[in-house]
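Notes follow the structure.
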Amino acid sequence: MALTATSTIGSWLDDPRGAPIMEELLTGVELPDGALEQVKALPLQQLVALSQGKLPQSAVDDMVRAVNDGTIPEESPAAPADARFAGRTVVVTGSAAGIGAAVATRVAREGGRVIAVDLAEERLEAFASAQPDADITPVSADIVEQDGIDRIVAAAGDRIDGLANVAGINDDFSPLHETSDAMWDRVIGVNLTGAFKLSRALIPVMLETGNASIVNVASEAGLRGNASGNAYTVSKHGVVGLTRSAAFMYGPQGIRVNAVAPGGVATGIAFPPNVSEAGAARLKPFQAQIPTIATAEQIAASITFLLSDDGVNINGVILPSDGGWSIQ
């Protein structure tokens with residue numbers, strides 16, 4: 001079987017042609033204990049996102065050519081999509097990249113109209129332009145600001161069937177006594193207040209629509225205290241509370257509200273500069289216990305399950321999509 005960009009890192013390491021190339025790529029790269037085992041199930045392509053720009057797409061293409069006599073084999077066509085979201089409008093935040101882009105792509109592929117929201121206007125436009133046959137309306141907006149919320153509501157129109165609150169940012173791993181006002185305000189603002197404000201604005205339309213679904217992205221940090229820093233952990237615990245309260249309030253009116261709690265995800269999400277040394281040192285042995293790193297598409301599968309009618313009997317649930325990290 002040909003090695004391609006979608007072949008797993010493990011399959012590259014196990015292949016006599018791919019192993020030397022992969023080992024050369026990893027030469028000089030300092031990996032935390034156990035990190036290689038965590039990423040073996042990821043496709044090679046995912047290293048581009050994980051590297052945060054240090055590994056260009058051209059390097060992956062060169063690796064594939066090197067084991068395939070100078071050519072890049074054609075990938076098998078994707079399986080035909082079903083139409084779980086046909087006739088439905090779904091708002092997805094954080095759509096320019098990572099989990100948000102994966103959710104938006106999957107909803108559109110399955111027949112939905114997507115209101116794709118992100119603050120990064122150029123990346124958002126590039127994402128939408130790359131899928132000309134999909135029904136994707138890009139909206140550049142800051143979900144913390146009211147004018148951004150207003151633009152999203154206007155773009156969505158008078159029917160909203162789903163909302164995926166995906167947008168989020170990391171903190172600097174700081175423990176409470178090191179957490180600055182700026183770090184606290186920004187992380188709580190994007191991760192919690194933004195989800196609150198957008199949900200508050202869209203729920204009246206969803207009540208008119210009926211049979212609607214909201215999926216919030218929480219985190220392992222919303223289930224435990226040893227997954228991230230103070231601000232991020234508090235924000236994701238808040239998302240859990242937001243989810244459960246709304247599920248209780250609106251369930252009888254036809255709106256299901258659930259959350260997905262990812263563990264390690266290969267999105268290449270950037271950390272702020274000057275990560276706390278004390279916080280990082282305290283967290284390191286616990287983060288090393290992450291059993292697997294997921295792709296954005298794998299998390300999107302969990303989110304779209306809850307957004308769709310496949311999750312019809314599920315309300316108020318915090319679904320760990322973490323490879324089993326939460327049972328450790």
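Source: prediction; values computed, not measured.
A side-chain donor-acceptor contact under 3.5 Å links D118 to the backbone of S95. Between the side chain of R84 and the backbone N or O of L307 there is no donor-acceptor pair closer than 3.5 Å. At distances below 3.5 Å, at least one donor-acceptor pair connects side-chain atoms of Q287 with backbone N or O atoms of A227. Listed for the S235 side chain is a donor-acceptor partner under 3.5 Å among the backbone atoms of Y232.
More than 12 heavy atoms of other residues, nucleotides or ligands shown are found within 6.0 angstrom of CZ on F127. Applying the 6.0 Å contact sphere to CZ of R200 captures more than 12 heavy atoms from other residues, nucleotides or ligands. Counting heavy-atom neighbours within 6.0 Å of Q253 CD, excluding the residue itself, gives a total above 12. More than 12 heavy-atom neighbours from other residues, nucleotides or ligands sit within 6.0 angstrom of CD on Q146. More than 12 heavy atoms of other residues, nucleotides or ligands sit less than 6.0 Å from atom CG of D147.
Judged purely by distance below 3.5 Å, without hydrogens or angles, the side chains of T89 and R113 pair a donor atom with an acceptor atom. For T243 and N216, the side-chain atoms include at least one donor-acceptor pair closer than 3.5 Å.
Atom CG of L163 and atom CD1 of I115 lie 11.5 Å apart (nearest 0.5 Å). Atoms CD and CG, on E178 and N230 in that order, are 10.5 Å from each other to the nearest 0.5 Å. Atom CD1 of I143 and atom OG of S199 lie 9.0 Å apart (nearest 0.5 Å). Rounded to the nearest 0.5 Å, atoms CE (M22) and CG (D15) are 10.5 Å apart.
Membership of an apolar cluster is not assigned to V312, as no side-chain contact below 4.5 Å to another ILVMFWY residue is traced.
Cation-pi geometry between R224 and W325 is met: under 6.0 angstrom from the ring centre, within 45 degrees of the axis.
Partner of R88 under the side-chain hydrogen bond (donor to acceptor under 3.5 Å, both in side chains) criterion, chosen from T209, D161, D309: D309.
Connection of I314 to F85 is established within a shared hydrophobic cluster, with ILVMFWY side chains joined at heavy-atom distances below 4.5 Å, either directly or through further cluster members.
Taking 4.5 Å as the limit, every side-chain heavy atom of E145 sits out of range of all side-chain heavy atoms of I149. You'll find the side chain of V239 stays beyond 4.5 Å of the side chain of F196, heavy atoms only. Two residues are said to be in side-chain contact when any heavy atoms from C-beta on lie closer than 4.5 Å; I136 and Q131 meet this criterion.
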Exercise. Given T295 and Q46, is the side-chain hydrogen bond (donor to acceptor under 3.5 Å, both in side chains) satisfied, shown in steps?
Worked result: CA-CA 7 Å; T295 65; Q46 205 67 45; 5.1 Å; no
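The side-chain hydrogen bond (donor to acceptor under 3.5 Å, both in side chains) check on S174 picks up D172, T179, with sequence neighbours excluded.
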